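Remember, predicted model here, so these are calculated numbers, not experimental data.
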Amino acid sequence: MASQSRNNKILLDLVQQPGNNLCADCAAPEPDWASYTLGVFVCLNCSGMHRNLFTVSKVKSIRLDYWEDSLVQFMKERGNSAARAIFEKCVPAFYYRPQHHDCIVLKEQWIRAKYERREFTGEKNEFLQNYTLDLFESTLWKKGRDNKQYLRRIFLLSQKDFTLRYFTKEDSKVAKAVISMKDLNAHFQPEKIGHAHGLQISYLEDERTRNLFVYHENGQVIVSFFNAIRATRLAYLLKKHPTLRHTDLIPQITTHCLMEGYMEKTGPTQREPFKKRWFTLCSVTRKLLYFKSPLDATDLGAVFIGSHDHGYSVSESSGRCTRSGRWRCGITLETPSRQFVFMCEQEQERRQWMEAFRKVILQPMTPEDYANEATLRRGK
């Protein structure tokens, strides 16, 4: 007869071992649940997603639930590393592997792709082949440029000319827009868009940042579209940089913004009234973009943030120079050509923005950064 205390202790020892000490699906530390049908240790959040795979995965708490000897033995024999060798055997380099901070749809579809659809075991190549087709088509709901209405649009990814096109009608001959993979980025923004499957696509249009906001009711469809974008972006980067390794290019495929939120901003003379703007800071492009609102299609402007060695710095400033507004937590950003003053509503927000600015300023600049800085200055 199984001893609950003994078996729970064995499981707690197993979960401390390298490979098992992080969630098998999102790498969250100290997982305290396990799938006893798959043999993996997972975190609380991922265990909830495993419950939705009831024909494939069954989970228990390694601390609170009763474990039979045979199940404990299976966990000993399997574990996260052995399971990864089976279920992640053929994960393509471009495929996004979610982390614990990522949105639910990314983690859920990663789990379903691994265990339910078995996309990466090498048994079913059709799943992986779809991502790298010359043409990948998807019908999504897209927010209108000048209104809040979402309309059905047909999106077409091409690995022939490394573009993303979208069409307003199924029988349209001419695309509404043709977007190069050169400066395209995509990342999930469910809270901003107001939909659990909301995806933001950004690219350069006449040296301004253009945003598209899309979603699909089916999580598999939107995540597949996202990974098809990543596949096309990687193909573009490999052609552009044939001597670089995959490991060097993977971080460049798609990126998260380092910081987003509202601040107040004044003009170049610092005598203009402060205006509330939505700011987005990207550490890869070293750009601080500002918009009137979070779902604006085009930015109002951009600030390039170089390195400390090239005359860029950030510091706290007092709120004395503001108009009679309530935001008094100031930030001064020094650049070689201008001093920018921003105001945050809360002290915590100021600390977060200061930390984000410093992170970018401490990064050494690359040749591409110098080119971007020069382009942005010419645009002004």
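- Within the model, atoms CG of Asn218 and OG of Ser138 stand 9.5 Å from one another, a figure rounded to the nearest 0.5 Å.
- In this structure, Asn80 and Cys23 approach most closely via the heavy-atom pair ND2-C, 4.2 Å.
- For the residue pair Phe162 and Thr232, the shortest heavy atom distance occurs at CD2-O, 4.0 Å.
- Counting heavy atoms from C-beta outward, Val284 and Gln252 have side chains that stay 4.5 Å or more apart.
- Ring-plane geometry between Phe226 and Phe188 is classed as perpendicular, the angle between the planes exceeding 60 degrees on a 0 to 90 degree scale with a lower cut at 30.
- With salt bridges taken as basic N to acidic carboxylate O contacts below 4.0 Å, none links Glu345 and Arg350.
- Around the CD atom of Gln73, the shell of radius 6.0 Å holds more than 12 heavy atoms that belong to other residues, nucleotides or ligands.
- In this structure the side chain of Ile62 reaches within 4.5 angstrom of the side chain of Leu12, judged on heavy atoms.
- The main-chain N or O of Val360 is found under 3.5 Å from a side-chain atom of Arg286 such that the two form a donor-acceptor pair.
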Arg112 and Glu108: salt bridge (charged side-chain N to carboxylate O under 4.0 Å, His left out), yes or no, with the steps?
CA-CA 6 Å; Arg112 287 189 180 277; Glu108 180 188 28; 3.6 Å; yes
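- Partners of Arg271 under the salt bridge (charged side-chain N to carboxylate O under 4.0 Å, His left out) rule, at least two apart in sequence or in another chain, do not exist in this structure.
- Without hydrogens or angle criteria, Asp65 side chain to Lys60 main chain gives no donor-acceptor distance under 3.5 Å.
- In plain terms, the two heavy atoms of Gly198 and Tyr215 that are nearest each other are CA-CB, 4.1 Å.
- Separation of atoms CG (Leu237) and CG (Asp248) is listed at 11.0 Å; rounding is to 0.5 Å.
- Counting only distance, with no hydrogens or angles, the side chain of Asn211 and the backbone of Leu295 share no donor-acceptor pair below 3.5 Å.
- In the displayed structure, Arg338 atom CZ is contacted under 6.0 Å by more than 12 heavy atoms of other residues, nucleotides or ligands.
- Pairing each heavy atom of Phe225 with each of Ile201, the nearest pair is CE2-CD1, 3.9 Å.
- Checking Arg117 against Gln109 by side-chain atom types alone, a donor-acceptor pair falls below 3.5 Å.
- For the ring-ring contact (aromatic ring centres under 6.0 Å, His included) test with Phe120, the passing option among Tyr131, Trp110, Phe87 is Trp110; the others fail.
- Put simply, the side chain of Arg78 reaches to within 4.5 Å of the side chain of Ile86, judged on heavy atoms.
- No side-chain donor from either of Asn227 and Ser224 sits under 3.5 Å from a side-chain acceptor of the other.
- Rounding to the nearest 0.5 Å gives a distance of 8.5 Å between OG of Ser57 and OH of Tyr36.
- Between the side chain of Lys239 and the backbone N or O of Ala235, no donor-acceptor pair lies under 3.5 Å.
- In this structure, Phe342 has its ring center at least 6.0 angstrom away from the ring center of Trp327.
- Environment of CD in Glu368: sparse, with no more than 12 heavy atoms of neighbouring residues, nucleotides or ligands closer than 6.0 Å.
- Heavy atoms of other residues, nucleotides or ligands lying less than 6.0 angstrom from CD of Gln352 number more than 12.
- At least one side-chain heavy atom of Glu137 sits less than 4.5 Å from a side-chain heavy atom of Leu156.
- Taking each heavy atom of Tyr95 and Ala113 in turn, the nearest pair found is OH-CB, 3.8 Å.
- With rounding to the nearest 0.5 angstrom, the CE atom of Met354 is 9.0 Å from the CD atom of Glu347.
- With hydrogens and angles disregarded, no donor-acceptor distance shorter than 3.5 Å links the side chain of Asp32 to the backbone of Cys43.
- Note: Arg210 CZ to Asp296 CG = 10.5 Å, rounded to the nearest 0.5 Å.
- A salt bridge links Lys114 and Glu88; the closest N-O separation between the charged side-chain nitrogens and carboxylate oxygens is under 4.0 Å.
- Between Ile229 and Ala186, the shortest heavy-atom contact is CD1-CB, 4.2 Å.
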side-chain hydrogen bond (donor to acceptor under 3.5 Å, both in side chains) between Thr266 and Glu264, worked out
CA-CA 7 Å; Thr266 186; Glu264 289 186 329; over 6 Å; no
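- Residues that satisfy the side-chain contact (heavy atoms from CB on, under 4.5 Å) test with Thr285, not counting sequence neighbours, are Cys282, Lys287.
- For the pair Lys176 and Tyr166, the NZ or CZ position fails the cation-pi test of under 6.0 Å to the six-membered ring centre and within 45 degrees of the ring normal.
- Heavy-atom neighbours of Glu191 CD from other residues, nucleotides or ligands within 6.0 Å: at or below the threshold of 12.
- At least one donor-acceptor pair under 3.5 Å links the side chain of Arg208 to the backbone N or O of Asp299.
- In this pair, His310 and Tyr370 present their aromatic rings perpendicular. The plane angle is above 60°, beyond the 30 to 60° band.
- Aromatic rings of Tyr262 and Trp278 (six-membered ring for Trp) have centroids within the 6.0 Å cut-off, being under it.
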Check the pair Glu260, Lys192 against salt bridge (charged side-chain N to carboxylate O under 4.0 Å, His left out), reporting the backbone distance first and the verdict last.
CA-CA 10 Å; Glu260 274 194 316; Lys192 181 195 284 190; 2.7 Å; yes
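- Between Arg118 and Glu123, at least one side-chain nitrogen of the basic residue sits less than 4.0 Å from a carboxylate oxygen of the acidic one, meeting the salt-bridge criterion.
- Side-chain atoms of Arg277 do not come within 3.5 Å of backbone N or O of Met263 as any donor-acceptor pair.
- A donor-acceptor contact closer than 3.5 angstrom links the side chains of Tyr96 and Asp102.
- Tested against His197, the residues Val105, Ile104, Val214, Val223 include a single side chain to side chain contact (heavy atoms under 4.5 Å, CB included) partner, Val105.
- Put simply, the side chain of His241 never gets that close to the backbone of Thr243: no donor and acceptor are under 3.5 Å apart.
- Residues Leu184 and Ile250 fall within the same hydrophobic cluster, defined by Ile, Leu, Val, Met, Phe, Trp and Tyr side chains chained together at heavy-atom separations under 4.5 Å.
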Take Thr132 and Gln129, measure what side-chain hydrogen bond (donor to acceptor under 3.5 Å, both in side chains) needs, and give me the verdict at the end.
CA-CA 5 Å; Thr132 55; Gln129 290 170 354; over 6 Å; no
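- Asn21 places no side-chain N or O within 3.5 Å of a backbone atom of Val15 that could act as its donor or acceptor partner.
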Checking Tyr115 against Asp25 for the side-chain hydrogen bond (donor to acceptor under 3.5 Å, both in side chains) test, could you report, in this order, the C-alpha distance in whole Å, the side-chain angles of both residues, the deciding distance, and whether it holds?
CA-CA 11 Å; Tyr115 308 121; Asp25 299 319; 2.7 Å; yes
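- The number of heavy atoms from other shown groups lying within 6.0 Å of CD (Glu77) is above 12.
- Once rounded to the nearest 0.5 Å, the distance linking CH2 of Trp353 with CG of Leu258 reads 8.5 Å.
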Verdict with supporting geometry, Asp161 and Thr163, side-chain hydrogen bond (donor to acceptor under 3.5 Å, both in side chains):
CA-CA 6 Å; Asp161 58 3; Thr163 59; 2.7 Å; yes
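- In this structure a side-chain-to-backbone donor-acceptor pair under 3.5 Å is present from Asp369 to Thr366.
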